[in-house]
Every structure is written in C-alpha cells, then in structure tokens.
Amino acid sequence: MTAAAADEDPAVSVCFIVEIDDFSLGSFNSCEGLACEVVMEQREEGGNNGYVWQLPSRIKFSNIKLSRPVTKDTAKVTQWIAGMVSGVTRKTGHISAMTMDGTVVARWSLLDVVPVRWQGPSLSPETPKVATETLEIAHHGFLSAG
C-alpha cells in the first residue's frame, strides 16, 4: 500500500464528537440526518409542451439526530438545553467523525444550531438494556471550510 493510499482511508467512524461553540457535548455513536436538499420549483411555459422548467429555489437542511448510551456527558446536554429557558441563542456547532484511533476523518460545521428535542432513556426492570439518549438539533446550514 502506498503512503497516499494510507492517507485516504474510508470514513469508517466509531464515534462523532459534538461541540457547540467551544463547549463539548462529548461523543455520540450514531448521527442521522446530516443532509440538505435543493427545493425545485416547476414552471410551465405557455406554448412549450416539450418540458417543464425545473428551477432551484432554496436549500432545506434536515434536523440531525445524535444518539449514544447515557454517560457523564449526558449532563452537558441537559445543561445546554436548560440554558435555553432564559432565551434561545443559536450557536455554531461542529460534528467530527472519528476513527478508532481518534483521527478526525471528516468535520461538519453548522450555522445557528439550536436543540429541538432530547429523549432520555426508557428505564424498565422487565427489559434490561443499555440506557440511551437521543439529541435532535436544527441548523441553518453548513459553514464553509475556508
């Protein structure tokens, strides 16, 4: 294997580190909804029956759902959400995909992040399983890397 091939390992990640401004929420083992979509408007031109114009109008950004087993970092999430009681302040967020050895393989910076929903563990003695939490955040788009 060449040195260049070794530097281009696929983004097989073990965890996602989440930061809100300079405040770390810790690592999550699941990240869903990191996506965007260009909304297309259709316009029909009179007298032109061959096709319909497809015009891009805006970009929609999906909410992002992050999940993990409950850890000491769960308190950081509830602390961030509790801070919203006095007023919602949108922050800059960063999600970093990490390999098993801690190498960052990809990083996404998000504009105007706000928590949308948090769901804590369902605790039941009849069905013992790992206690997990899910955090859902909304944002206004990606920040450029430059």
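Just so you know, these numbers use all the heavy atoms, side chains as well, and skip hydrogens, waters and symmetry mates.
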Would you call E37-R58 a salt bridge at under 4.0 Å N-O?
no
Going by atom types alone, do E44 and W53 pair a side-chain donor with an acceptor below 3.5 Å?
no
Quick one: pull up OG in S109 and CD in E19 and give me the separation to the nearest 0.5 Å.
9.0 Å
Given side-chain hydrogen bond (donor to acceptor under 3.5 Å, both in side chains), test S67 with T132 step by step and report yes or no.
CA-CA 7 Å; S67 299; T132 60; over 6 Å; no
Using the rule side chain to side chain contact (heavy atoms under 4.5 Å, CB included), only one of T134, T74, V70 pairs with P121; which is it?
V70
Electrostatic pair R43-E45, nearest N-O below 4.0 angstrom:
no
Heavy-atom side-chain proximity of D112 to H139 below 4.5 angstrom
no
Side-chain touch K91/F23, heavy atoms, less than 4.5 angstrom:
no
Measuring from L135:CG to I81:CD1, what's the distance to the nearest 0.5 Å?
5.5 Å
Tell me, with the steps shown, if R90 and H140 meet side-chain contact (heavy atoms from CB on, under 4.5 Å).
CA-CA 10 Å; R90 291 184 174 268; H140 281 157; 3.6 Å; yes
Side chains of W118 and V77 in contact at under 4.5 Å (non-hydrogen atoms)
yes
Using the test ring-ring contact (aromatic ring centres under 6.0 Å, His included), find all partners of F28 that sit at least two apart in sequence or belong to another chain.
none
So salt bridge (charged side-chain N to carboxylate O under 4.0 Å, His left out) across residues 63-88, not counting sequence neighbours, yields R68-E133, D73-K76
Over all atoms of both residues, closest heavy-atom pair of P69 and V130:
CB-CG1, 3.8 Å
L66 CG to C31 SG distance, which is reported to the nearest 0.5 Å:
5.0 Å
With E32 via salt bridge (charged side-chain N to carboxylate O under 4.0 Å, His left out) - residues at least two apart:
none
Give, for atom CD1 of I17 and atom CG of L25, the distance between the pair rounded to the nearest 0.5 Å.
10.5 Å
Aromatic plane relationship, F142 with F61 - under 30° parallel, 30 to 60° tilted, over 60° perpendicular
perpendicular
Any P115 side-chain heavy atom under 4.5 Å of M84 side chain:
yes
For a quick test of reading the model, state the closest non-hydrogen atom pair linking S57 to E41 and the distance between them.
CB-OE2, 3.4 Å
Are side-chain heavy atoms of I64 and E136 found at a separation under 4.5 Å?
no
Nearest-0.5 Å distance that lies between atom CG in L110 and atom CD1 in I137:
5.5 Å
Measuring from atom CG of L34 to atom CG of N63, what distance do you get when rounded to the nearest 0.5 angstrom?
12.0 Å
Treating Ile, Leu, Val, Met, Phe, Trp and Tyr as nodes and any side-chain heavy-atom pair under 4.5 angstrom as an edge, say whether V88 and W80 lie in one connected cluster.
yes
For residues V38 and W108: do they belong to one hydrophobic cluster (side chain heavy atoms under 4.5 Å, members Ile, Leu, Val, Met, Phe, Trp, Tyr)?
yes
